[in-house]
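Okay, structure first, notes after.
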There are 2 protein chains.
Amino acid sequence: MNVFINLDFESKEPIYVQLIHQIIEGIAKGKIQPGEALPSVRSLAADIGINLHTVNKAYQHLKQEGFILIHRQKGVVVNPEGVPEADDAYRDQLKSKLHPLIAESICRKVSEQEFSELCSQLFTEFNEGKGGK
Amino acid sequence: MNVFINLDFESKEPIYVQLIHQIIEGIAKGKIQPGEALPSVRSLAADIGINLHTVNKAYQHLKQEGFILIHRQKGVVVNPEGVPEADDAYRDQLKSKLHPLIAESICRKVSEQEFSELCSQLFTEFNEGKGGK
DNA sequence: CATCTGTTATAGTTATAGTATAACAGATGA
DNA sequence: TCATCTGTTATACTATAACTATAACAGATG
């Protein structure tokens, strides 16, 4: 039941953010199914070799975004209802994150087509995971 | 010659990062042309109401990425040769930035088409700026 | 020679990230 | 009943990043 978490302690990206991303990717690829349990804050922290609070910080964020449910005594579970679908707030947020990426791409003469193909590659990569497992 | 810089001091995004993004966007939209001069670290800092070192940090980063040239006594200029075109390193970096965005989008049932259209909107938005000004 | 440029150095504050313990409260299973 | 698991909360400490505040230096310009 051990988790596919790969952290880069040298990265400038905070550990708890990496954790959030890895878990979201796990859900996106279907490696973790809705309703499935995640390790407790203590066991995951011990497995990875980090502090309990760092894991808790990531879990709290995922909970607030609707990715997981936390039962006080039972533990952590991927939202059985599935992740809340995109709303306008999410789209705005997504847009503001894409904004600087596309600005720089334009400066570097990346065409809209090439950019789109790159996104397509990533989408395919995630969906292959779903079929495979 | 005053610059279209809009900073959000409440944002969790560091000021110098916002500065970097705004200048890159200015170049992407053609508001600042290659060869054109940018304000000195001191004057820009004074205009915005921030410290000289914060501006310098942003300029240094833009210099290292090839967006601007810095002549020790003349000042700062948008790279007359144009911004270095995308290479493999840049594409890898771009991919790793898109990765978590697409993962979350998949979880939230954003289709590849919708995602692609969103990118297309942003591309168009930047290129409109070029025709207009 | 005063004034502009970027650059460098030093120092201080504030906030965030991460760790280290400890304790609490509710549920579970022996 | 009791040890053990769960998440939660509190406190404290270290390290680093972000930002500010001065000050000074070196080279070019008018």
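Quick note on labels: first sequence line is chain A, next is B, and so on, each numbered from 1.
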(message) Which heavy atom of B:A86 sits nearest to which heavy atom of A:V110, and what is that distance?
(response) CB-CG2, 3.6 Å

(message) Could you check whether any side-chain heavy atom of A:I70 comes within less than 4.5 Å of a side-chain heavy atom of A:I68, counting everything from C-beta outward?
(response) yes

(message) Applying side-chain hydrogen bond (donor to acceptor under 3.5 Å, both in side chains), can you list everything that pairs with B:S111, at least two apart in sequence or on another chain?
(response) none

(message) Reading DNA chain C from 5' onward, which residue's closest nucleotide shows up sooner: A:K74 or A:P14?
(response) A:P14

(message) Hydrophobic cluster membership, with links at side-chain heavy-atom distances under 4.5 Å among I/L/V/M/F/W/Y: are B:V77 and B:I24 in one?
(response) no

(message) In this structure, how many angstroms lie between the C1' atom of C:dG18 and the CG atom of A:D8, rounded?
(response) 16 Å

(request) Might you point out which heavy atoms bring B:C119 and A:C119 nearest each other, and give the distance in Å? (result) SG-SG, 4.4 Å

(message) Nearest whole Å is fine: how far is C:dT3 P from B:R42 CZ?
(response) 14 Å

(request) Write down the distance between CD (A:Q18) and C1' (C:dG18), rounded to a whole number of angstrom. (result) 13 Å

(request) Kindly say whether the aromatic ring centers of B:Y59 and B:H53 come within a distance under 6.0 Å. (result) no

(request) Let me know the distance between CG of A:L7 and C1' of C:dG18, rounded to the nearest Å. (result) 13 Å

(request) Taking A:Q22 for its side chain and A:L7 for its backbone only, find out whether a donor-acceptor pair lies under 3.5 Å. (result) no

(message) Below 4.0 angstrom, which residues in residues 48-63 of chain B have at least one non-hydrogen atom near DNA chain D?
(response) B:I50, B:N51, B:H53, B:T54, B:K57

(message) Any strand counts, and the cut-off is 3.5 Å on both contacts for Watson-Crick or G-U wobble. Which nucleotide pairs with D:dT29?
(response) C:dA2

(message) When you group the ILVMFWY residues by side-chain heavy-atom contacts below 4.5 Å and let the links chain together, are A:V83 and A:L69 in the same group?
(response) no

(request) Could you please name the partner base of D:dA24, counting Watson-Crick and G-U wobble pairs only when both distances are under 3.5 Å? (result) C:dT7

(message) Could you tell me the boundaries of the chain B footprint on DNA chain D, defined by atoms under 4.0 Å from its heavy atoms?
(response) D:dA18 to D:dA28

(message) Using ring centroids (six-membered ring only for Trp), state whether B:H21 and B:Y16 fall under 6.0 Å.
(response) no

(message) If you assign each of A:H71 and B:R72 to its closest nucleotide in DNA chain D, which residue comes earlier from the 5' end?
(response) A:H71

(request) Specify the separation, in whole Å, of atom CD1 of B:I15 and atom P of C:dT16. (result) 13 Å

